[in-house]
Number of protein chains: 2
Amino acid sequence: MRVEIDPGLFDENARTAPSEAGRQIASIGAMDLLAGGHLPHVEIAYETWGELNEDRTNAVFVCHALSGDSHCIGWWDRIVGPGLAIDTERFFVVGTNALGGCQGSTGPSSSDPEGNPWGSRFPVIQLQDMVAAQARVADQLGIEKWHLVAGGSMGGMQALEWGIQFPDRVANIWMTASCSAHSAMQIGFNEAGRQAILRDSHFNGGDYYDSQQPSNGLSVARMIGHLSYLSDASFTAKFGRSLQDKENFEFNGGIEFAVESYLSYQGDKFTQRFDANSYLVLTKAIDYWSREDLSPLQARLLLTSFTSDWIYPNHQSVSIFERAQKLGKEVEHHEIDLPMGHDSFLLDGEHQARILRNFLSQ
Amino acid sequence: MRVEIDPGLFDENARTAPSEAGRQIASIGAMDLLAGGHLPHVEIAYETWGELNEDRTNAVFVCHALSGDSHCIGWWDRIVGPGLAIDTERFFVVGTNALGGCQGSTGPSSSDPEGNPWGSRFPVIQLQDMVAAQARVADQLGIEKWHLVAGGSMGGMQALEWGIQFPDRVANIWMTASCSAHSAMQIGFNEAGRQAILRDSHFNGGDYYDSQQPSNGLSVARMIGHLSYLSDASFTAKFGRSLQDKENFEFNGGIEFAVESYLSYQGDKFTQRFDANSYLVLTKAIDYWSREDLSPLQARLLLTSFTSDWIYPNHQSVSIFERAQKLGKEVEHHEIDLPMGHDSFLLDGEHQARILRNFLSQ
């Protein structure tokens, strides 16, 4: 099955490490975490674009997915930017790096009060804590209520969590390629990646910062992730059975196919910008999280999902839609027919944009 | 989406290591391999059930999938056995362990002529070589022509290869949950598993037999495999978000969900019975193999596939069907609507059996 896919859709910008240039740090104090842990001092990296209007009604908060960061204008460059659906000329757009991450926010690679990396002593973070930390950043920025909280995948889960934890602080929510609780299969994919890290001989219980990182484990974890981000059709369209820099098989036991080269390249590149402990902390947070009851929600809710997304399948969005509708919430769901799998939410700047604009204009 | 699935369908018999009791060894001499390697002495483990009739027209050959072996009456216990579709009271059934494997046949863990394990020096095997070795076993058993060659997944690929490499030695072929060439996504899943092994600090280039095995890498490879064998629906039906031996989350950074426990259990169990080098050799063999041109085929061809099998998707069987039909071959294809993913071919003893009986009775 060879599906016609616009090669432009495979632009990898969405997955490259952003510049740290515009990054600012909000010190939000101590946090008692939902699972019982305590962080004496939390910092959250954030970036902003555009201007907050006088009555503070044009603020948009963008939540990143597992491997993203505050630089949403980079990883979501078909959605966030001047003149785009999340228009930085019209909205005051804020992105943060999630609590537990490794792109400027407090996470396992950050220093404890004694100046040593947290490592194995970093407490369990839940998605609720991430959003609680984001709310403190909003406080500091003087934003009482978001016009929109938006995100895909893990970011969509945070957007929904915003609406449930802070019902009166969100006017509109957009979740794309997301869910209200991970399924067994989603947990399974995360767990295989975690096991690759935990079983790396350099992991050392999480205390590896003064020696070699568990790069091989993290790289394999990222490969497993990538397998779930594409679809059968997009793998075929992108690679097929093409060989890597050769005309014929070499039969040398090494990499032969382009898709093999791609996976190792993506895996190894990821280890340059991501911390293995953050991978464990963030995947655990999204696996733990579950919001069956949507009754606290006051925001209008927009859901988008993709026909070819088998790891965050459409029925998860349908389930949210049906529960919200039953409760009388204002909710829309659009299933978008695109072949690029879970990555569709990063790669599609057309259908999602049209749907979001339309939703916000009502 | 909670699908009603008969719990009996999750019987794990199909994946347990078989008894070695009935295993015999055929010494088939030296082999020049398609990729250029040479094995000075090859042994193939095999088992037989039933009686070969006088005119030798009731022989059935069963090919195993990646992790299987000669004991098809065990791993395919809903298909092969007394009174079953591949009826050991009616047919003379033969199963072998694939060349390159580790269940009695010559593979990387076997000894070279000097008595040392082959390890890193074991040559590249192709699927064509596996079938060539099987043909020599057939010669030794006095079987000129198989009434049926059958297999699922990698086994189905071998069944098709039989019909192409030895057109006049096969009357009927049954491929289930299989394909005529791996897609980029299938290669990708195999490659992530291979990288988990290759990056294990104990791998040592493949020469690990006198020290610690790369068990963690092999275990992670098996987890990746298992993720692809089930479906979203069967993961949900089997595990949902059930916790493992606890009522509430422990937030201790360890295993919390039943599906997490399952993956590590399956991964670690696998390392007790499987060799990491064999995993590399066999997955490479199935990734290399491609049979676009079906014109040599003389056998009648039966194809079955499963709606929920996303790793060997239905369209791969359709593609074989269409190419065979275009060439005027006698071919049937049945897509079976079952929710258990790729494992359906191991777990379904009803639909496949009915279709196979019907096909053979025509």
Side chain, backbone, both or neither of A:Gln186 within contact of chain B (heavy atoms, under 4.5 Å): neither

Is B:Leu227 in contact with chain A via its backbone, its side chain, both, or neither, using a 4.5 Å heavy-atom distance? both

Taking C-beta and beyond as the side chain, do A:Gln195 and B:Ser219 meet within less than 4.5 Å on heavy atoms? no

Nearest 0.5 Å, please: how far is OG in A:Ser228 from CZ in B:Phe189? 7.5 Å

If you measure from CG on A:Asp200 to CG on B:Asn216, what distance do you get to the nearest 0.5 Å? 9.0 Å

Distance, nearest 0.5 Å, that separates CG of A:Asp232 from OH of B:Tyr312: 12.0 Å

Report yes if the side chains of B:Ile187 and A:Glu260 come closer than 4.5 Å at any heavy-atom pair, otherwise no. yes

So for B:Ala258, is it side chain, backbone, both, or neither that comes closer than 4.5 Å to the heavy atoms of chain A? neither

Residue among A:His182, A:Arg199, A:Glu191 with most heavy-atom pairs under 4.5 Å to chain B: A:Arg199

So do A:Lys284 and B:Phe251 actually touch side chain to side chain, heavy atoms under 4.5 Å? no

At a heavy-atom separation under 4.5 Å, does B:Gln316 approach chain A through its side chain, its backbone, both, or neither? neither

Is there side-chain contact between A:Asp287 and B:Arg241, with at least one heavy-atom pair below 4.5 Å? no

Interface residue of largest heavy-atom contact number with chain B, from A:Ala192, A:Gly36, A:Gly188, under 4.5 Å: A:Gly188

Can you name the nearest heavy-atom pair linking A:Ala184 to B:Phe235, along with the distance? CB-O, 3.4 Å

Shorter than 4.5 Å, heavy atoms on both sides: which option in A:Gly253, A:Ser319, A:Ser264 has the most such pairs with chain B? A:Ser264

Please verify the inter-ring angle class for A:Phe249 with B:Tyr288; under 30° counts as parallel, over 60° as perpendicular, anything in between as tilted. perpendicular

From B:Ser234 OG over to A:Met185 CE, what is the distance, rounded to the nearest 0.5 angstrom? 8.0 Å

So does A:Lys246 have more than 12 non-hydrogen atoms from other groups sitting under 6.0 Å from NZ? yes

Among B:Ile224, B:Ile255, B:Asp268, B:Asn252, single out the residue with the greatest number of heavy-atom pairs under 4.5 Å to chain A. B:Asp268

